[in-house]
*Asks:* 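Please see the structure below; I have some questions.
In this text, all values refer to a predicted model and were calculated from it rather than measured experimentally. Each residue takes its place number in the sequence, starting with 1. Every heavy atom of this structure was used, including side-chain atoms; hydrogens, water molecules and symmetry mates were not.
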Amino acid sequence: GTLLKYFPHPLVIGFTSGIALVIFSTQIKDAFGLPIGKVPSEFIEKWILYIENINNINITTLLLTASTILITIFSKKITTKIPGSFISIILITLLVQLLNLPVTTIETFFGEIPNSFSFSIPSIQLNSLHIYIVPAITIALLGSIESLLSAVVSDSMIGAKHRSNIELIAQGTANVVSSLFGGIPATGAIARTATNVKNGGRTPIAGIVHGFVLLAIMLLFAPYAKLIPLSCLAGILIVVAYHMSEWRQFVSILRGHKMDVLILLTTFFLTVVFDLVIAIEIGIIL
């Protein structure tokens, strides 16, 4: 975890701003209700497809997205105790159900939300350990870098200082245990971390509560959660992307030392056009 101190500030800002743009671009289909089956993962191809389908915007979906964004932003003037994103999910979902609006929901796109889980010990063949080692180390390294960058981003958002080694120990333990329930390796994620911070989360308790709420939704409220419109979730993530874009710091670094500018723009460009792994590697080398 101590290797984190070698991540320069322009790299973190370039990476964060790049991820914000990537998150924003992934929500365009749902935000505008575009009739696209499979969206390409590549950034440029994705936007080419969006532009080709620009005449097929669903006005109802677009209005729901805009309403979600407005509720999420301005609900703070009424109450700061309840996150605006939560208020918007409740109100928009009720509106869609009451008026029977023809928009895509979690259920219509993904189907039923599973409301059960099982416990099983994975089969491990000791004579095949040499096959597991390389992918295991690769996943661990990539997961560590992404999680620690998430922690750095949240530090900058709340003016705190995380404990890198504790972060990695907790993540490793969680990934070992989750495999017993059919889980796949997971890391700290910048989108959810930024959402957490913007809705008032300041300590590890926020993450623990997040886990229990997800479990409760899966076991108890899946029949209701599946009714949430994808346009509503897109609106919330667009707000999150804006908040995590760090555009003020981005502009500030552009006015600074030319090497900082080079690291910032290189990391930003590689994160958006290629992937975050290449961006981090090249950024650190620079």
*Asks:* Side-chain donor-acceptor contacts of residues 209-227 below 3.5 Å, not counting sequence neighbours, with atom names and distances?
*Replies:*
unit_1	atom_1	unit_2	atom_2	d
K226	NZ	E107	OE2	3.4
K226	NZ	E112	OE1	3.1
K226	NZ	E112	OE2	3.0

*Asks:* Is it the case that more than 12 heavy atoms not belonging to R163 sit under 6.0 Å from its CZ atom?
*Replies:* no
*Asks:* Counting only heavy atoms from other residues, nucleotides and ligands, does the tally under 6.0 Å from CG of L99 exceed 12?
*Replies:* yes
*Asks:* Check V261 against I253 and note the closest heavy-atom contact, atom names and distance.
*Replies:* CG2-O, 3.4 Å
*Asks:* Do T105 and I228 have side chains that get closer than 4.5 Å, going by heavy atoms?
*Replies:* no
*Asks:* Drop me the distance from L180's CG to S118's OG, to the nearest 0.5 angstrom.
*Replies:* 10.5 Å
*Asks:* Without swapping roles, check the side chain of S150 against the backbone of G188 for a donor-acceptor pair under 3.5 Å.
*Replies:* yes
*Asks:* Linking I/L/V/M/F/W/Y whenever their side-chain heavy atoms sit closer than 4.5 Å, directly or via other members, would F74 and V239 fall into one cluster?
*Replies:* yes
*Asks:* Just so I know, are the side chains of K29 and N53 near enough to count as touching, which here means a heavy-atom distance under 4.5 Å?
*Replies:* no
*Asks:* Decide yes or no for T61 and F32: does some side-chain heavy atom of the first lie under 4.5 Å from some side-chain heavy atom of the second?
*Replies:* no
*Asks:* Go through the steps for H9 and I13 under the test side chain to side chain contact (heavy atoms under 4.5 Å, CB included), then give the verdict.
*Replies:* CA-CA 6 Å; H9 183 63; I13 297 300; 3.6 Å; yes
*Asks:* What pair of heavy atoms forms the shortest contact from P229 to T93, and how long is it?
*Replies:* CD-OG1, 3.5 Å
*Asks:* Looking only at non-hydrogen atoms, find the nearest pair between L264 and P10 and report the distance.
*Replies:* CD1-O, 3.6 Å
*Asks:* Within the side chain of R202, is there an N or O that forms a donor-acceptor pair under 3.5 Å with the backbone of V197?
*Replies:* yes
*Asks:* Quick check against the 3.5 Å criterion: does S128 have a side-chain atom that pairs as donor or acceptor with the backbone of I131?
*Replies:* no
*Asks:* Taking the side chain as everything from C-beta on, heavy atoms only, tell me whether L64 gets closer than 4.5 Å to S67.
*Replies:* no
*Asks:* Pair L254, L265 - check side chain to side chain contact (heavy atoms under 4.5 Å, CB included), show working.
*Replies:* CA-CA 9 Å; L254 286 177; L265 294 180; 3.9 Å; yes
*Asks:* Do L70 and L91 sit in one hydrophobic cluster, given that two such residues count as connected whenever their side-chain heavy atoms are within less than 4.5 Å of each other, even indirectly?
*Replies:* no
*Asks:* With rounding to the nearest 0.5 Å, note down the distance linking CZ in F269 to CD1 in I278.
*Replies:* 11.0 Å
*Asks:* Would you name the heavy atoms of A206 and N196 that are closest together and state the gap between them?
*Replies:* CB-OD1, 3.5 Å
*Asks:* If you group Ile, Leu, Val, Met, Phe, Trp and Tyr whenever their side-chain heavy atoms sit less than 4.5 Å apart, what else falls in with I139?
*Replies:* none
*Asks:* What closest approach, in Å, do N165 and G1 show between heavy atoms, and which atom pair accounts for it?
*Replies:* OD1-N, 3.0 Å
*Asks:* When hydrophobic residues are tied together by side-chain contacts of less than 4.5 Å, even through go-betweens, does W247 share a cluster with V12?
*Replies:* no
*Asks:* Counting heavy atoms not belonging to F119, are there more than 12 under 6.0 Å from its CZ?
*Replies:* yes
*Asks:* Could you state whether F109 and I89 fall into the same hydrophobic cluster, counting links through intermediate Ile, Leu, Val, Met, Phe, Trp or Tyr residues with side-chain heavy atoms under 4.5 angstrom apart?
*Replies:* yes
*Asks:* Heavy atoms only: give me the nearest T267-G283 pair and the separation to one decimal.
*Replies:* OG1-CA, 3.9 Å
*Asks:* Would a single hydrophobic cluster contain both F268 and L286, if residues Ile, Leu, Val, Met, Phe, Trp and Tyr are joined by side-chain heavy-atom contacts under 4.5 Å?
*Replies:* yes
*Asks:* Classify the side-chain pair S164/H162 by whether it contains a donor and acceptor separated by less than 3.5 Å.
*Replies:* yes
*Asks:* Do Y132 and L129 come close enough that some side-chain heavy atom pair is under 4.5 Å?
*Replies:* yes
*Asks:* Donor-acceptor pair, T266 side chain versus I263 backbone, under 3.5 Å?
*Replies:* no
*Asks:* Hey, can you pull the donor-acceptor pairs under 3.5 Å for the side chains in residues 33-47, sequence neighbours left out?
*Replies:*
none

*Asks:* If we check side chain to side chain contact (heavy atoms under 4.5 Å, CB included) with Q27, which of these qualifies: L230, L237, I236, L233?
*Replies:* L237
*Asks:* Which residues satisfy the side-chain hydrogen bond (donor to acceptor under 3.5 Å, both in side chains) test with S17, sequence neighbours excluded?
*Replies:* none
*Asks:* Looking at I92, I78, I82, which hits side chain to side chain contact (heavy atoms under 4.5 Å, CB included) with I87?
*Replies:* I82
*Asks:* Can you confirm whether I133 is buried at CD1, in the sense that more than 12 heavy atoms of other residues, nucleotides or ligands lie under 6.0 Å from that atom?
*Replies:* yes
*Asks:* Report yes if some heavy atom in the side chain of I90 is under 4.5 Å from a heavy atom in the side chain of L94; otherwise report no.
*Replies:* yes
*Asks:* Suppose we screen for side-chain hydrogen bond (donor to acceptor under 3.5 Å, both in side chains). Which residues come up paired with S147, at least two apart in sequence or across chains?
*Replies:* Q171
*Asks:* Would you mind reporting whether S231 and T68 have side-chain heavy atoms less than 4.5 Å apart?
*Replies:* no
*Asks:* Please table the atom pairs, donor to acceptor, closer than 3.5 Å between any side-chain atom in residues 19-26 and protein atoms at least two apart or in another chain.
*Replies:*
unit_1	atom_1	unit_2	atom_2	d
S25	OG	L21	O	3.4
S25	OG	V22	O	2.8
T26	OG1	I23	O	2.6

*Asks:* Using a 4.5 Å cut-off on heavy atoms from C-beta on, say whether the side chain of I238 contacts that of I69.
*Replies:* yes
